[in-house]
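Heavy-atom basis, side chains included; hydrogens, waters and symmetry copies ignored.
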Amino acid sequence: MQPFVYAGAPARVVFGHGVLTQAGAEIERLGCQRALVLTTPQQEADGRRLQSAIGARAAGLFAGATMHTPSQVTEQAMVMARDLKIDCTVALGGGSTTGLGKAIAYRTDLPQIVIPTTYAGSEMTPILGETRDGIKTTVRDSKILPEVVLYDVDLTMSLPPGLTATSGMNAIAHAVEAVYAKDRNPVISLLSVEGIRALAKALPVIMQKPDDREARSDALYGAWLCGMALGAITMALHHKLCHVLGGSFDLPHAETHTVVLPHATAFNEEAVPGLLAPVAQALGAKSAGQGLHDLAAKLNAPLALSQIGMKREGLERAAQIAVENPYWNPRDFTQAQIFSVLENAFEGRRPQ
Ligand code: NAD
């Protein structure tokens, strides 16, 4: 076994059906009195329900969270936070809403409670991506890691099947990259494989029966484990390619992860087949790359970059950006090899 460092994330996690109703007690536990509830315009009704569940400790609702955490939206929320003299935030939603809560915590160091409603995993990380004047920057800081996470399975029942599939594949991507990471450790590798196993089992069931409570519960459990991997471990080629495609070509976050993952994995699998063998096993497949492609196909998720807004003429530039400032990866690569990975993803070919 290679030497390793393991640092546990300090978040408190409460998991179950209906745990949203415990938000008030968790605010009290933090010693706070005035919480600002955050959500998106699309989830405002859930935000209001949360506000009434919190009761007297809910100081207000800001339902303006949006994709990519634009700094002007954060400034609007900060004005409300100051006017209402809040002492904590409660973010209900996907990665975009969690991002707003983190942006406020980064500026104020106020404690955060997060109630995730997708499988993106942001609630488990000390990482914040913000956009100012169209440029996205990423910061890592201990102030950004939420103090409390309430995983309420009931809130994920409404996640539409399309977003369930791509968000689930987004979660799996974190775990796949964790098992071969430079700073991998045996604890996170175990969690990662278990997270993939839980999601690979649950997601096809949810596609058939979106209100299956047990499958929804398994999927959220898997997403939590995959989120822990994202927070603990440094990501490699797959995440780099997704950041390039999202940042420079404006492709949608979860869909991009879904399409690229089988191809980045197949590329790395040639170098580290042993490390990816438990992933293939968790997927019930001979190879991890093929297993991920087959899972995405089974979920009716997009398989090709051409389906999600990428233009063929952008592939060369994407490959160039990806090699200019690369993340560490278990397999060295050239620009031509990255072009080939992206071309396979563009066409949606099954990895060979
Ligand atoms: P999202 O938060 O943008 O949500 C997409 C849409 O789905 C929104 O309109 C939202 O209101 C709606 N939605 C969410 N949950 C729902 C539910 N249960 N029922 C019905 N509608 C629901 O999507 P996401 O994929 O969760 O997050 C993507 C963002 O998160 C990206 O900007 C990404 O960069 C960021 N992210 C950050 C980290 C990190 O560690 N910093 C990790 C993962 C993702």
Side-chain angles (χ1 to χ4, degrees), residues 1-9 11 13 15 116 119-125 149 151 164-206 214-239 242 254 257-258 260-296 298-299 301 328-331 351:
M1 181 170 296
Q2 68 162 24
F4 63 86
V5 173
Y6 171 76
V13 170
F15 187 102
Y119 307 132
S122 176
E123 67 282 358
M124 282 291 131
T125 83
V149 179
Y151 284 108
T164 298
T166 55
S167 190
M169 293 298 292
N170 181 194
I172 289 174
H174 311 326
V176 168
E177 293 234 290
V179 303
Y180 56 53
K182 187 171 156 186
D183 52 355
R184 65 184 178 273
N185 70 64
V187 175
I188 295 294
S189 293
L190 275 174
L191 300 186
S192 297
V193 173
E194 169 68 358
I196 294 168
R197 190 204 56 75
L199 279 159
K201 179 172 156 237
L203 294 174
V205 178
I206 297 171
E214 203 171 316
R216 286 285 187 187
S217 180
D218 283 350
L220 193 58
Y221 160 70
W224 167 45
L225 299 180
C226 294
M228 284 173 80
L230 178 68
I233 299 291
T234 313
M235 297 289 122
L237 178 67
H238 166 74
H239 279 73
C242 292
H257 273 275
T258 305
V260 173
L261 185 62
H263 305 284
T265 306
F267 179 77
N268 281 335
E269 202 162 18
E270 284 190 33
V272 288
L275 291 176
L276 280 165
V279 170
Q281 204 182 358
L283 293 165
K286 279 204 186 115
S287 95
Q290 288 178 350
L292 291 164
H293 174 94
D294 295 347
L295 177 61
K298 202 180 197 179
L299 302 177
W328 179 91
N329 193 57
R331 180 176 173 190

Task: side chain to side chain contact (heavy atoms under 4.5 Å, CB included) between Phe267 and Arg331, worked out - done: CA-CA 8 Å; Phe267 179 77; Arg331 180 176 173 190; 3.3 Å; yes

- [ ] Look at the rings of Tyr151 and Trp224 and say which category their plane angle falls in: under 30° parallel, 30 to 60° tilted, over 60° perpendicular.
- [x] tilted

Task: Validation row, ring centre His239 to ring centre His174 under 6.0 Å - done: yes

- [ ] Compute whether any side-chain donor of one residue and acceptor of the other, for His293 and His263, lie under 3.5 angstrom apart.
- [x] no

- [ ] Dump the intermediate steps for side chain to side chain contact (heavy atoms under 4.5 Å, CB included) on Thr166 and His257, then the final yes or no.
- [x] CA-CA 8 Å; Thr166 55; His257 273 275; over 6 Å; no

Task: Spacing of Leu292 atom CG and Gln290 atom CD [to the nearest 0.5 Å] - done: 10.5 Å

Open item on the list: Under a 3.5 Å cutoff, is there a donor and acceptor pairing between the side chains of Asn170 and Tyr119?
Closed with: no

Task: Straight-line distance of Ser189 OG to Met1 CE, nearest 0.5 Å - done: 8.5 Å

- [ ] Apply side chain to side chain contact (heavy atoms under 4.5 Å, CB included) to Val176 and Asn268, showing your working.
- [x] CA-CA 10 Å; Val176 168; Asn268 281 335; over 6 Å; no

Task: Leu199 and Cys226, any side-chain heavy atoms less than 4.5 Å apart - done: yes

TODO: Evaluate whether atom CD of Glu194 has more than 12 neighbouring non-hydrogen atoms of other residues, nucleotides or ligands under 6.0 angstrom away.
DONE: yes

TODO: Could you tell me which non-hydrogen atom of Asp218 sits nearest to which non-hydrogen atom of Ala198, and how far apart they are?
DONE: O-CB, 3.7 Å

Task: CG-CZ distance between Leu220 and Phe15, expressed to the nearest 0.5 angstrom - done: 4.5 Å

- [ ] Among Val279, Val179, Ile233, Leu230, find the one that has a side-chain contact (heavy atoms from CB on, under 4.5 Å) with Ser192.
- [x] Val179

- [ ] Drop me the distance from Leu295's CG to Ile172's CD1, to the nearest 0.5 angstrom.
- [x] 5.0 Å

- [ ] Please report the shortest heavy-atom distance between Ala288 and Thr265, naming the atom on each side.
- [x] CB-CG2, 3.8 Å

Open item on the list: If I take atom CD1 from residue Ile196 and atom NZ from residue Lys201, how far apart are they, to the nearest 0.5 angstrom?
Closed with: 15.5 Å

- [ ] Could you pull out the closest heavy-atom pair between Met169 and Leu261, with the gap in Å?
- [x] O-CD2, 4.0 Å

Open item on the list: Thr164 vs Arg216, test: side chain to side chain contact (heavy atoms under 4.5 Å, CB included). Steps then yes/no.
Closed with: CA-CA 10 Å; Thr164 298; Arg216 286 285 187 187; 3.1 Å; yes

Task: Nearest-0.5 Å distance, CD of residue Gln281 to CG of residue Leu276 - done: 12.5 Å

